[in-house]
There are 2 protein chains.
Amino acid sequence: MTDDLVLRRQVCFALYAASRALTDVYRPILDEHGLTYPQYLVLLVLWERGDEAPTVSELGARLRLDSGTLSPLLKRLETAGFVDRTRSARDERRVEVGLTAQGRALRERMDEVPRRVARATGLTEAELIGLRDTLTRVTETIHRQKEQ
Amino acid sequence: MTDDLVLRRQVCFALYAASRALTDVYRPILDEHGLTYPQYLVLLVLWERGDEAPTVSELGARLRLDSGTLSPLLKRLETAGFVDRTRSARDERRVEVGLTAQGRALRERMDEVPRRVARATGLTEAELIGLRDTLTRVTETIHRQKEQ
DNA sequence: ACGAGATAGGTTGCGCGCAATCCAATTGCG
DNA sequence: CGCAATTGGATTGCGCGCAACCTATCTCGT
């Protein structure tokens with residue numbers, strides 16, 4: 001069954017290519033605000049948390065990114081003025097990541113972004129939901145397996 | 001409709017997370033052979049071409065990667081002994097990328113890899129095919145739009 | 001109260017991705 | 001033929017992702 005080793009048959013390549021293609025759609029939009037796509041994901045988490053100011057590892061759990069990725073990324077978001085980082089008073093090991101006024105203000109200006117991107121995929125609303133749920137299931141299956 | 005700005009609603013995050021999760025499945029398998037996932041993709045193209053020895057830009061067109069990514073990657077594959085690069089005689093600008101004996105030999109040892117990975121997704125064969133086709137459609141829609 | 005282990009986050013190093021730039025080879029147009 | 005424009009590939013720079021390692025802080029058992 002050597003034919004399985006053919007690029008166009010591989011789900012994995014389709015996933016890899018589609019992920020980069022979608023990032024291509026985001027790039028010019030986010031660029032107007034000086035953001036990268038992973039930085040935008042961090043802001044999405046902060047926006048959805050409201051005033052909770054998650055720690056670095058809570059952000060990491062949500063996005064499945066470690067401190068090696070998040071530390072410098074958050075430093076850049078802080079330099080850009082969207083975020084502030086404060087050592088927790090109760091536990092000096094923790095760093096709480098909160099939105100600045102500028103970071104909160106950005107949310108409204110980003111309101112229509114997901115719909116613009118969704119339109120670019122050419123999929124219907126139902127297809128998008130199905131795709132998202134299948135992908136989420138795959139991700140969770142894989143991570144559940146890794147835990148033992 | 002401010003609620004669209006919520007992480008778990010975003011297809012794009014599902015795609016990003018699933019792509020990294022699947023790469024996680026590949027990593028330990030490819031690691032046994034000293035390969036990274038993008039290097040494996042390059043080998044997939046070379047295996048499927050047989051004796052054709054595509055140029056760097058043909059590889060790039062297939063994988064949607066540019067010379068900035070491929071040049072150093074191919075240099076590493078050459079150092080590892082899987083690939084050779086030769087300037088084309090007819091057009092000195094072109095570099096043809098061919099498999100070494102070691103690169104060809106690797107193919108057999110990789111035979112069952114796609115099935116192992118497919119199993120890790122927890123999806124049925126039909127779901128995998130549907131997913132792949134949807135993703136391919138998305139990628140092609142996006143790239144068609146970019147061309148004008 | 002104290003010392004071993006766990007935990008949180010930062011740093012380093014490396015390999016992508018991608019934009020921007022550069023150079024050499026080729027093409028094409030007058 | 002001759003020169004401008006194009007093409008193919010390499011290089012540089014930067015921001016992820018991720019592994020490996022480090023330090024500071026906290027927890028918990030005794």
Side-chain angles (χ1 to χ4, degrees), chain A residues 13 16-28 30-31 34-43 53-80 83 85-97 139 143 146, chain B residues 13 16-28 30-31 34-42 53-61 63-80 83 85-97 139 143 146:
Chain A
F13 174 67
Y16 164 83
S19 179
R20 286 190 299 127
L22 256 198
T23 305
D24 278 354
V25 178
Y26 272 103
R27 189 171 298 109
L30 296 178
D31 217 47
L35 289 174
T36 64
Y37 179 65
Q39 289 168 12
Y40 169 72
L41 291 180
V42 166
L43 290 178
T55 64
V56 174
S57 19
E58 284 163 357
L59 277 174
R62 192 74 190 85
L63 299 172
R64 301 196 184 279
L65 292 171
D66 68 2
S67 69
T69 301
L70 285 174
S71 285
L73 186 155
L74 290 170
K75 207 180 290 181
R76 283 185 287 272
L77 273 182
E78 187 175 40
T79 304
V83 143
R85 297 185 301 157
T86 38
R87 286 274 161 194
S88 159
R90 273 191 281 89
D91 185 341
E92 292 277 344
R93 292 171 305 178
R94 290 160 178 270
V95 168
E96 284 156 4
V97 182
T139 304
H143 282 101
K146 261 209 316 200
Chain B
F13 173 68
Y16 164 84
S19 178
R20 286 192 297 128
L22 256 199
T23 305
D24 280 352
V25 178
Y26 273 103
R27 190 172 296 107
L30 296 179
D31 217 46
L35 289 175
T36 64
Y37 180 64
Q39 289 168 13
Y40 169 72
L41 292 180
V42 167
T55 65
V56 173
S57 20
E58 284 162 358
L59 276 174
L63 298 173
R64 301 193 183 281
L65 293 171
D66 66 3
S67 70
T69 300
L70 286 175
S71 283
L73 186 156
L74 291 170
K75 207 179 291 181
R76 282 185 287 271
L77 273 183
E78 187 176 40
T79 303
V83 143
R85 297 184 299 156
T86 38
R87 286 272 161 197
S88 159
R90 271 193 281 90
D91 185 341
E92 292 277 346
R93 291 170 306 179
R94 290 160 178 269
V95 168
E96 285 156 4
V97 182
T139 304
H143 282 103
K146 261 210 313 199

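Because the structure is a prediction, the values reported are computed rather than measured. When reading the values below, keep in mind they use all heavy atoms of this one structure, side chains included, and skip hydrogens, waters and symmetry mates. To find a chain, count down the sequence lines: A is the first, B the second, and so on, and within it residues start at 1.
A sub-4.0 Å separation between OP1 or OP2 of dG17(D) and a side-chain N or O of Y16(B) is present. The side chain of R90(B) contributes no N or O atom lying less than 4.0 Å from OP1 or OP2 of dT26(C). Side-chain N/O atoms of R85(A) include one lying less than 4.0 angstrom from OP1 or OP2 on dG10(C). Distances shorter than 4.0 Å separate some side-chain N or O of R76(A) from OP1 or OP2 on dC16(D). OP1 or OP2 of dT11(C) has at least one side-chain nitrogen or oxygen of K75(A) nearer than 4.0 Å. For dG17(C), neither phosphate oxygen OP1 nor OP2 lies less than 4.0 angstrom from any side-chain nitrogen or oxygen of T69(B). Taking only side-chain nitrogens and oxygens, R27(A) never comes nearer than 4.0 Å to OP1 or OP2 of dG15(D).
Within 3.5 Å, no donor on the side chain of S67(A) pairs with an acceptor on the base of dA8(C), nor the reverse.
Side-chain proximity of S57(A) to dT7(D), dA8(C), dA10(D): nearest is dA8(C). Checked against dC16(D), dT25(D), dC16(C), the side chain of Q39(B) finds its nearest nucleotide in dC16(C). For E92(A), whose side chain is taken as the heavy atoms from C-beta onward, the closest listed nucleotide among dT25(D), dT11(C), dG9(D) is dT25(D). For R20(B), the side-chain atoms get nearest to dC18(D) when compared with the rest of dA24(D), dC18(D), dC16(C). Among dA19(D), dA6(C), dG9(D), the nucleotide with an atom closest to any side-chain atom of R87(B) is dG9(D).
Ring geometry, Y16(A) versus Y37(B): the interplanar angle exceeds 60°, so the pair is classed perpendicular (tilted spans 30 to 60°).
When heavy atoms are screened at a 4.0 angstrom cut-off, D91(B) is found touching the sugar-phosphate backbone but no base atom. At the heavy-atom level, D24(A) lies under 4.0 Å from the strands shown only through sugar-phosphate atoms. Within 4.0 Å of L73(A), counting heavy atoms only, lie sugar-phosphate atoms of the nucleic acid but no base atom. Heavy atoms of T36(B) sit under 4.0 angstrom from primed sugar atoms or phosphate atoms, though from no base atom. Contact annotation for T23(B): no contact, since no heavy-atom pair falls under 4.0 Å across all strands.
Residues R20(B) and L65(A) have side chains in contact (heavy-atom distance under 4.5 Å, counting atoms from C-beta outward). Residues V97(A) and T55(A) form no side-chain contact, since every pair of their non-hydrogen atoms from C-beta on lies 4.5 Å or further apart. Proximity of S67(A) to L70(A): side-chain heavy atoms (C-beta onward) are nowhere separated by under 4.5 Å.
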